[in-house]
2 protein chains.
Amino acid sequence: MKHGLSETCHLFFSTLANPARLAILELLRNGSKNVTEIAEGLNQEQSMISHNLQLLYNCGFVFPERRKKERFYSLNKETLEPLFKIFLYHAEKYCPTKGKCLTQNGLRRKRKMAAASPMCLSHQ
Amino acid sequence: MKHGLSETCHLFFSTLANPARLAILELLRNGSKNVTEIAEGLNQEQSMISHNLQLLYNCGFVFPERRKKERFYSLNKETLEPLFKIFLYHAEKYCPTKGKCLTQNGLRRKRKMAAASPMCLSHQ
DNA sequence: ATTTCATTTGAAATATATTTCATATTTCAC
DNA sequence: GTGAAATATGAAATATATTTCAAATGAAAT
């Protein structure tokens with residue numbers, strides 16, 4: 001299963017494929033924040049935020065900057081804004097429910113009842 | 001952890017965040033193929049390919065078309081080509097190793113020895 | 001140099017996704 | 001209709017990722 005793009009894209013997309021990290025990225029669209037502010041803003045454990053920031057940093061999605069004791073993280077807008085733009089266009093065009101949906105397991109479960117409607121982009 | 005984008009992007013990115021599915025997408029860049037051809041082309045079980053095609057279909061990344069007994073799948077190039085383009089640009093600019101790397105766990109393990117070098121986009 | 005605040009780290013516990021194997025469906029040719 | 005080919009499905013087995021908790025580190029103020 002090791003193939004050109006498959007080999008190179010996996011970490012890129014799996015870093016984005018997580019609700020906590022997506023929430024962090026979205027929060028940072030409004031400007032850079034330190035770790036505590038992010039944790040409070042999202043109502044999550046600070047150490048969990050740290051772990052996820054590390055993964056985002058490893059992929060170049062956020063940039064850290066030290067100010068006194070704190071560490072501020074800012075968004076890599078160059079990559080992320082066009083990425084989100086593609087996603088939004090795709091969702092608008094291909095998601096019948098316009099973003100009202102389920103996880104992959106949830107989706108599988110639901111299709112049982114409601115029979116294969118293509119494309120549900122979010123999770124409940 | 002339910003936040004605008006977080007809520008709507010998760011399935012989109014997690015469907016892409018898988019080596020088997022990325023390999024399928026890459027294979028389909030050379031034109032549409034039926035399930036058996038994909039399975040043989042990637043040297044994987046047919047039923048595993050089917051499962052993954054279903055997920056790709058649910059997200060609108062591939063389009064199925066019936067021809068006799070077979071089912072051909074083609075790529076949603078409108079979404080995927082720009083997406084790959086963004087990825088390639090990002091990797092070129094932010095990945096120090098230009099795509100020679102590890103899974104998230106592997107990366108974590110490696111950073112222990114080689115200390116935090118940012119951005120490694122692939123997996124070994 | 002001790003204390004305090006902010007953040008990171010490691011490893012176990014937990015949650016989630018993927019693959020496999022056996023079986024079911026679907027479609028077509030006869 | 002029966003049989004054979006192509007694909008799909010369900011559920012268990014396996015693999016992988018995430019979160020949590022306790023502890024460690026780092027930076028600054030006193």
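Order of the sequence lines fixes the chain letters, A, B, ..., with proteins taken first and strands second; residue numbering starts at 1 for each chain.
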Protein-nucleic acid N or O pairs under 3.5 Å, nucleotides 20-25 of chain D:
unit_1: D:dT20; atom_1: O4; unit_2: A:His51; atom_2: NE2; d: 3.1
unit_1: D:dC21; atom_1: N4; unit_2: A:Ser47; atom_2: OG; d: 2.9

field: Results of side-chain contact (heavy atoms from CB on, under 4.5 Å) for A:Pro82 - residues two or more places apart only
entry: B:Ile86
message: Check for me, please, whether B:Leu88 and B:Leu22 land in the same ILVMFWY cluster - side-chain distances under 4.5 Å, paths through other members count.
response: yes
message: I need the CG-C1' distance between B:Asn58 and C:dA17, as an integer number of Å.
response: 15 Å
Contact under 4.0 Å: A:Gln54 side-chain N or O vs C:dT8 OP1/OP2: no
field: Side-chain donor or acceptor of A:Asn18 paired with backbone N/O of A:Ser14 under 3.5 Å
entry: no
Below 4.0 Å: OP1/OP2 of C:dT7 and any side-chain N or O of A:Tyr57: no
field: Interatomic distance, B:Phe72 CZ vs D:dT7 P [rounded to whole Å]
entry: 8 Å
statement: B/S/- along nucleotides 25-30 of chain C (protein heavy atoms under 4.0 Å) is --BBS-
field: For atom CD of A:Glu70 and atom P of C:dC5, their distance in whole Å
entry: 13 Å
query: To the nearest angstrom, how far is B:Asn18 atom CG from D:dA15 atom P?
result: 15 Å
- line: Sorted by chain and number, sequence neighbours left out, side-chain contact (heavy atoms from CB on, under 4.5 Å) with B:Glu40 holds for B:Thr36
- prompt: Residues in side-chain contact (heavy atoms from CB on, under 4.5 Å) with B:Gln46, at least two apart?
  reply: B:Val35, B:Ala39, B:Ser50
task: Tell me, please, which residues at least two apart from A:Ser74 pass side-chain hydrogen bond (donor to acceptor under 3.5 Å, both in side chains).
output: none
task: Indicate yes or no for a side-chain donor-acceptor contact from A:His90 to the backbone of B:Cys59 under 3.5 Å, with no hydrogens or angles considered.
output: yes
- request: Would you please name every residue forming a side-chain contact (heavy atoms from CB on, under 4.5 Å) with B:Glu78, sequence neighbours left out?
  value: A:Tyr89, A:Lys93, A:Tyr94, B:Asn76
message: Which residues pass the side-chain hydrogen bond (donor to acceptor under 3.5 Å, both in side chains) test with A:Glu81, not counting sequence neighbours?
response: A:Arg29
message: Please list, in numerical order, the residues of residues 30-40 of chain A that have a heavy atom closer than 4.0 Å to any atom of DNA chain C.
response: A:Asn34, A:Val35, A:Thr36
field: Partners meeting side-chain hydrogen bond (donor to acceptor under 3.5 Å, both in side chains) with B:Glu37 (sequence neighbours left out)
entry: none
message: Output the rounded distance in Å from CD1 (A:Ile49) to P (C:dA6).
response: 16 Å
- request: Take atom CZ of A:Phe13 and atom P of C:dA17, then tell me their distance rounded to the nearest Å.
  value: 18 Å
- prompt: Are B:Leu28 and B:Leu80 close enough that some pair of their side-chain heavy atoms sits under 4.5 Å apart?
  reply: no
query: Using the C1' atoms of five pairs at each end, what's the angle between the two axes of the helix from C:dA1-D:dT30 to C:dC30-D:dG1, to 10 degrees?
result: 30°
For A:Arg67, salt bridge (charged side-chain N to carboxylate O under 4.0 Å, His left out) partners two or more places apart: A:Glu65
message: Between B:Arg71 and B:Pro64 (side chain of the first, backbone of the second, donor and acceptor by atom type, cut-off under 3.5 Å), is there such a pair?
response: no
